[in-house]
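First the proteins, then the strands, lettered A, B, ... as listed; each starts at 1. These numbers come from the heavy atoms of this one structure, side chains and all, not from hydrogens, waters or symmetry mates. A quick note: this is a predicted structure, and the numbers were derived from the prediction, not measured.
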Protein chains: 2
Amino acid sequence: MDSQPPQSESLRERKRRETLARIAETGLQMFIDNGYDATTLEAIAAEAGISARTFFYYFKTKEEILQHFQGSGFYEALRPAILAVSPDQPPLEAVRDVLLGMVSRYETERSIVIDRLLRSNEALRARKQATFALMETTIFEALCEVWPQPERRDEHRMVAILSIGMMRLGMELWRQDGGKRRMADYVGDSFARLQSGV
Amino acid sequence: MDSQPPQSESLRERKRRETLARIAETGLQMFIDNGYDATTLEAIAAEAGISARTFFYYFKTKEEILQHFQGSGFYEALRPAILAVSPDQPPLEAVRDVLLGMVSRYETERSIVIDRLLRSNEALRARKQATFALMETTIFEALCEVWPQPERRDEHRMVAILSIGMMRLGMELWRQDGGKRRMADYVGDSFARLQSGV
DNA sequence: TTGTATTTTTACAGTGACTGTAATTTTTTG
DNA sequence: CAAAAAATTACAGTCACTGTAAAAATACAA
């Protein structure tokens, strides 16, 4: 109907965005319904109305479908959030606050379902751990920008490892507890316990 | 020459052990020479003098060749070492001492080469992180046996995460430093720094 | 030694993720 | 509208890995 496409997004861009989203949604739903391993690329492509080859034009791997959902929301926001932190507080507390904010946004139905998928398969579990390692690196590098003194680099590494560790601990305790309280509470408690002496 | 096989090991067992070792050694050497991805299973099998199908009679996956070397030495010794610890000292110090002992035994030429391989490939890096996660679980469970009070379980989780974190930190610092001092020194320093207040 | 059970090895025929290539269609742009 | 750029597809291939069933090697008992 509009003969003038909105300047902000061309037909091409819109189609691309829609196709990407359709593949991801279709894939995730099929994973949930039938399991990750049992869902073939061919089936996802067919369901999404594209050829199998085209799938790889949008995603490098099957796993990347899940990374798509992990990525959107958590990992990408980490670096900017830390860079925006006030350099007056101690780094560990700064990172703690950033992570608490992100964790509380993370606790959605979808994330929980995806997490269950990530636990269902050996390779996916490994990828999940790798994501944490990536977050550590991201935190470390961001801290080095906020507090750039070279003699603090080792401290930054330590803070990055401890932060991700406490986040993982909190997430695990939350899971163990069946989600009675908010995930962020458990993460906050873990940080508190860490700081109250090891 | 001996018509009597030694009771301890039958022909079958010896051959099996030898074939397993031959596949692993051949595979590792070919990975080192030509890279992990560029080395096909078929090539390893051919070099080891077996059929491709027989490879999978010994290893479930190609990755398992590397796990074979990781496993022998580190992961398997972890649980018994912690179970043998004196319950008088604090858990964190106990685990620290265990890890320091294992790390000093770990720092061999072969381990370093394997570590380089594990860094060369995305999936392998992920597996490496997964191994650390597995060690955390092993430590946690062992601690729960040594100090079985239910109210200490969360503490044990914390100790497991912190220990593996400090070990990883030490290993990383050692690598960054080009191995001037022993790896165990860096790990020990990391633990010390952790305990001297976060 | 011989026969029989068990284990190991192999060939063969798949499946499924992923890649390279080159042709075709769709969208953009001048 | 024509030419460039991007998206889609078919097709053929590689490689890790699996299922199956038969053959070979080893163990064991009579």
Point to revise | Length of the CD-C1' vector between A:E13 and D:dA6, whole Å | key: 12 Å
**Study point:** With sequence neighbours excluded, residues passing salt bridge (charged side-chain N to carboxylate O under 4.0 Å, His left out) with B:R152
**Key:** B:E155
Exercise for review: For A:F56 and C:dC18, give me the distance from atom CZ to atom P, rounded to whole Å.
Suggested key: 5 Å
Review point. A:T54 has a side chain; which of D:dT9, C:dA17, D:dA25 sits nearest to it?
Key: D:dT9
Point to revise | Any donor-acceptor N/O pair, B:E13 side chain to B:S10 backbone, under 3.5 Å | key: yes
Exercise for review: Identify which nucleotide among C:dA17, D:dT8, C:dG20 has an atom closest to any side-chain atom of A:R53, counting heavy atoms from C-beta outward.
Suggested key: C:dG20
Exercise for review: Kindly confirm or rule out a cation-pi arrangement of B:R16 over B:Y58, judged by NZ or CZ under 6.0 Å from the six-membered ring centre and within 45° of its axis?
Suggested key: yes
Review point. Starting at NZ of A:K62 and ending at P of C:dT15, how long is that distance when rounded to a whole Å?
Key: 16 Å
Exercise for review: State, to 0.1 Å, how close B:V187 and B:M166 come at their nearest heavy-atom pair, and which atoms those are.
Suggested key: CG1-O, 4.2 Å
Exercise for review: Check if the side chain of A:R12 and the base of D:dA7 share a donor-acceptor pair of N or O atoms closer than 3.5 Å.
Suggested key: no
Practice item. Taking the side chain as every heavy atom from C-beta outward, state whether B:R119 and B:K128 have any atom pair closer than 4.5 Å. Key: yes
Review point. Between residues 16-49 of chain A and DNA chain C, which residues have a heavy-atom gap below 4.0 Å?
Key: A:T39, A:T40, A:L41
Point to revise | A:Y58 side chain near D:dA7 phosphate (N/O to OP1/OP2, under 4.0 Å) | key: no
Practice item. Just call it for B:F59: base, sugar-phosphate, or nothing, with non-hydrogen atoms closer than 4.0 Å on any strand. Key: nothing
Review point. Does the cation-pi check pass for B:K62 over B:Y36, that is, NZ or CZ under 6.0 Å from the six-membered ring centre and within 45° of its axis?
Key: yes
Practice item. Would you kindly give the CD1-to-P distance between A:I65 and C:dA17, to the nearest whole Å? Key: 10 Å
Check your understanding: CZ of B:R14 versus P of D:dA25: gap in Å, rounded?
Key -> 15 Å
Check your understanding: Distance check: side-chain N/O of A:Y57 vs OP1/OP2 of D:dA7, anything under 4.0 Å?
Key -> yes
